[in-house]
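Here's the structure we're looking at; comments come further down.
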Protein chains: 2
Amino acid sequence: MESCDRYAGLKLENQLCFPLYVCAKEVVRRYRPLLDELGITYTQYIALMALWEHRSLTMKELGSMLCLDSGTLTPLMKKLEEAGYVERCRDRDDERVLTVTVNEKGMELREKALSVPGEIASCIPLPVEDAITLARILRKMMADLCGEEQ
Amino acid sequence: MESCDRYAGLKLENQLCFPLYVCAKEVVRRYRPLLDELGITYTQYIALMALWEHRSLTMKELGSMLCLDSGTLTPLMKKLEEAGYVERCRDRDDERVLTVTVNEKGMELREKALSVPGEIASCIPLPVEDAITLARILRKMMADLCGEEQ
DNA sequence: ATCACTTCTATTGTATGCAATTCGATTGTA
DNA sequence: TACAATCGAATTGCATACAATAGAAGTGAT
């Protein structure tokens, strides 16, 4: 049953990470045309999801929730600010801390985004049962991979 | 049981793509220190896996196997050539086609990479059963997402 | 209060990724 | 055989990602 090939572990077809890597890229690619209509990218979309729910978050909180470091997050938030969706301002009590807040225009974008989850679901062919299993495993995995460093 | 929140579909915690995206990034990040020792990146690693197995592949074949387009693949292969692991040459019969071939030095790298899969497995906390289920679902999903365009 | 230490964000440098376009080579067809 | 259409890579432009570093702002122990 098992391959006795010395190099079996180095075959693409035996990798777990490779399909993970490909699926993630491909799914994000499916978002692109939908988010183009809103004028945002996928990374901006997930950042906005966090902000839509919490209204106001520090860079550190955002980084922790999205698993992104400041090298990615800083320019990302500057762009959302330029686009007029958020405001960035330093904390009075602690000048190191930068708090990002969604404004009215940012909250309006949420309405336009309402149809996105459904459209994505319909163009990703995955049986409901598999989707549930996948979500369970990935969420646990994400917690293990991201939680340990905090 | 179900949330009646109008915006439930736009919550991070209800996304399937988000943990997929995060897990893919985090797992690739786990590869980095291991591949640093070999002097290659993750994308170069998967390209080499394909080449280690097939010795010689055209850019089109590589792009199809790895789900990467020429904008990513062309500079990637040039770097592997500069590093001395592969040779790139145009097809005699069809000058449009560029064939990439691993050379001796490239094949030697395979030996050094033998320990990588095991080391990755040991630092990704996932029960065997979940790993098997995850692999099954992701492989099917990858086929659906990447196959339809060909 | 001082100074080493920690924290939080920003910056720099490198490597992807992909859409859109270009360009030379090949093919199919009248 | 012209020639439009197609094909396979390469190029361009933009947006991530992250490691490493910097730098300004707090903290804590003495």
Side-chain angles (χ1 to χ4, degrees), chain A residues 21-36 38-47 57-64 66-83 88-100 145-146 149-150, chain B residues 18 21-37 39-47 57-83 88-100 145-146 149-150:
Chain A
Y21 159 84
V22 172
C23 287
K25 278 194 311 170
E26 288 300 317
V27 172
V28 169
R29 206 158 69 88
R30 298 300 192 282
Y31 273 95
R32 221 179 303 273
L34 303 178
L35 298 180
D36 275 351
L38 307 185
I40 58 177
T41 64
Y42 181 72
T43 319
Q44 291 170 358
Y45 175 64
I46 58 173
L57 291 167
T58 68
M59 291 294 277
K60 186 178 170 59
E61 288 167 336
L62 268 171
S64 169
L66 306 178
C67 300
L68 291 172
D69 85 342
S70 67
T72 303
L73 218 45
T74 295
L76 195 74
M77 289 301 113
K78 284 184 176 175
K79 268 168 211 156
L80 282 182
E81 186 181 44
E82 282 173 33
R88 299 159 69 241
C89 62
R90 293 280 167 186
D91 200 72
R92 281 282 171 88
D93 299 331
D94 189 340
E95 286 282 336
R96 291 172 305 180
V97 176
L98 192 150
T99 299
V100 181
L145 288 173
C146 296
E149 57 209 314
Q150 289 170 21
Chain B
F18 175 62
Y21 158 85
V22 171
C23 287
K25 278 194 314 170
E26 287 300 316
V27 172
V28 168
R29 204 157 71 88
R30 299 298 192 285
Y31 273 95
R32 221 179 304 272
L34 303 178
L35 297 180
D36 276 350
E37 293 178 28
I40 57 176
T41 64
Y42 180 73
T43 319
Q44 290 168 0
Y45 175 64
I46 57 173
L57 291 168
T58 68
M59 292 294 277
K60 186 178 169 60
E61 287 168 338
L62 268 171
S64 170
M65 293 175 71
L66 306 177
C67 300
L68 291 172
D69 85 343
S70 66
T72 303
L73 218 45
T74 294
L76 195 75
M77 289 301 112
K78 283 185 177 175
K79 268 168 210 157
L80 283 182
E81 185 181 45
E82 282 173 34
R88 299 160 68 242
C89 61
R90 292 282 166 185
D91 200 73
R92 282 282 170 88
D93 299 330
D94 189 339
E95 285 281 336
R96 289 173 305 180
V97 176
L98 192 149
T99 300
V100 182
L145 289 172
C146 297
E149 58 209 315
Q150 288 170 22

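To find a chain, count down the sequence lines: A is the first, B the second, and so on, and within it residues start at 1.
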For residues Cys146(A) and Glu26(B), determine if any side-chain heavy atom of one lies less than 4.5 Å from a side-chain heavy atom of the other.
yes
Would you indicate, yes or no, if dA17(D) has its OP1 or OP2 atom less than 4.0 angstrom from a side-chain nitrogen or oxygen of Lys25(B)?
no
Is the closest side-chain heavy-atom distance between Met77(B) and Leu62(B) below 4.5 Å?
yes
Give a yes/no answer on whether the side chain of Arg92(B) brings an N or O atom under 4.0 Å of OP1 or OP2 in dT26(C).
no
Figure out the OH/C1' separation between Tyr31(A) and dG17(C), and round it to whole Å.
18 Å
Of the listed dG8(D), dT26(C), dT9(C), the closest approach to the Arg90(A) side chain comes from dT9(C)
dA15(C) phosphate, OP1 or OP2: any side-chain N/O from Gln44(B) under 4.0 angstrom?
no
note: Met59(B), atom CE; dA10(D), atom C1'; distance rounded to Å ~ 9 Å
Atom pairs under 3.5 Å, N or O on each side, protein against nucleotides 20-22 of chain C: can you list them with distances?
none

In whole angstroms, the gap separating P of dG17(C) from OH of Tyr42(B) amounts to 9 Å
Does the side chain of Leu68(B) reach to within under 4.5 Å of the side chain of Lys25(A), using non-hydrogen atoms?
yes
Using only modelled atom types and a 3.5 angstrom limit, is any donor from either the side chain of Arg96(A) or the base of dT9(C) paired with an acceptor on the other?
no
dA17(D), dT11(C), dG17(C): which one has an atom nearest the side-chain heavy atoms of Lys78(A)?
dT11(C)
If only side-chain N and O atoms of Arg29(A) are considered, is one of them under 4.0 Å from the OP1 or OP2 phosphate oxygen of dA19(C)?
yes
Interatomic distance where CD1 belongs to Ile40(B) and C1' belongs to dT14(C) [whole Å]:
16 Å
